[in-house]
S.K.: 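The structure is given below, and queries will be raised subsequently.
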Amino acid sequence: MTIREKVEYVTGEKFSGLRLQTGKIVSDSGKAFFLKTGPVAALRCEANGLYELSKAAAIWIPRVIAVDEEFLLTEYMDGRPPGGSVFSGSSAGNWPVYTGTQPINLVFMRIILLALLPN
């Protein structure tokens with residue numbers, strides 16, 4: 001199967017103009033996803049890291065839809081979480097959002113800095 005066929009299978013969406021590049025992809029019906037290609041070890045490490053971060057339910061983390069030896073597919077995050085808060089269960093909108101476009105260690109640094117700053 002090609003990457004496009006795999007993405008269509010796991011999402012149930014059609015992608016007529018899918019580019020095999022890292023970034024936002026949009027299905028024919030207009031639904032957005034985030035596709036990342038790269039070395040299999042890096043893709044699996046990132047998918048695992050996203051899963052572990054999501055277990056804490058502290059910040060808004062993209063849901064991993066699929067990962068294999070060719071790609072990582074997550075929900076697309078435009079910087080606005082459902083309900084308007086990146087901080088789980090709160091209205092505090094100044095918490096970091098991991099979008100998959102910045103190195104994950106920067107997100108951790110921002111979380112630590114925000115936790116250390118006085119309110």
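Positions are given from 1, in the same order as the sequence printed here.
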S.K.: Let me confirm one number: the CD-CD1 distance from Glu69 to Ile3, rounded to the nearest 0.5 Å.
M.R.: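 Reported value, rounded in 0.5 Å steps: 9.5 Å.
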
S.K.: Answer yes if the side chains of Glu13 and Ser29 hold a donor-acceptor pair under 3.5 Å, and no otherwise.
M.R.: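 The criterion, which ignores hydrogens and geometry beyond distance, is satisfied for Ser29 and Glu13.
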
S.K.: Just do the side chain to side chain contact (heavy atoms under 4.5 Å, CB included) check on Leu73 and Phe71 with the steps written out, would you?
M.R.: CA-CA 6 Å; Leu73 184 69; Phe71 70 93; 3.9 Å; yes

S.K.: Within this structure, what is the CD1-CG distance for the pair Ile65 and Leu72, rounded to the nearest 0.5 Å?
M.R.: 9.0 Å

S.K.: Between Glu5 (side chain) and Thr2 (backbone), is there a donor-acceptor pair under 3.5 Å?
M.R.: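 Checked: pair present.
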
S.K.: Nearest heavy-atom pair of Ile61 and Met77: which atoms, and what distance?
M.R.: C-SD, 4.0 Å

S.K.: Given the rule in the side chain to side chain contact (heavy atoms under 4.5 Å, CB included) test, do Phe15 and Ile25 qualify, once you have shown the distances and angles that lead to the verdict?
M.R.: CA-CA 8 Å; Phe15 293 85; Ile25 60 171; 3.8 Å; yes

S.K.: Please answer whether the main-chain N or O of Tyr51 pairs with a side-chain N or O of Asn48 as donor and acceptor at a distance below 3.5 Å.
M.R.: no

S.K.: To the nearest 0.5 angstrom, please state how far the OG1 atom of Thr11 sits from the NZ atom of Lys6.
M.R.: 14.0 Å

S.K.: Step by step, work out the side chain to side chain contact (heavy atoms under 4.5 Å, CB included) result for Phe33 and Lys24.
M.R.: CA-CA 6 Å; Phe33 300 90; Lys24 178 182 177 182; over 6 Å; no

S.K.: Which atoms form the tightest heavy-atom contact between Lys36 and Glu46, and what is the distance?
M.R.: NZ-OE1, 2.8 Å

S.K.: Does Glu75 pair with Lys31 as a salt bridge, N-O distance under 4.0 Å?
M.R.: no

S.K.: Side chain to side chain contact (heavy atoms under 4.5 Å, CB included) between Arg63 and Thr74: does it pass, once the steps are laid out?
M.R.: CA-CA 6 Å; Arg63 181 176 58 89; Thr74 67; over 6 Å; no

S.K.: I'd like to know if Val26 and Leu35 are part of one continuous hydrophobic network [Ile/Leu/Val/Met/Phe/Trp/Tyr, side-chain heavy atoms within less than 4.5 Å].
M.R.: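 No, because Leu35 and Val26 fall into different hydrophobic clusters, even though each may have its own neighbours under 4.5 Å.
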
S.K.: By side-chain hydrogen bond (donor to acceptor under 3.5 Å, both in side chains), which residues pair with Ser16, not counting sequence neighbours?
M.R.: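 By the side-chain hydrogen bond (donor to acceptor under 3.5 Å, both in side chains) rule, Ser16 matches Asp28.
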
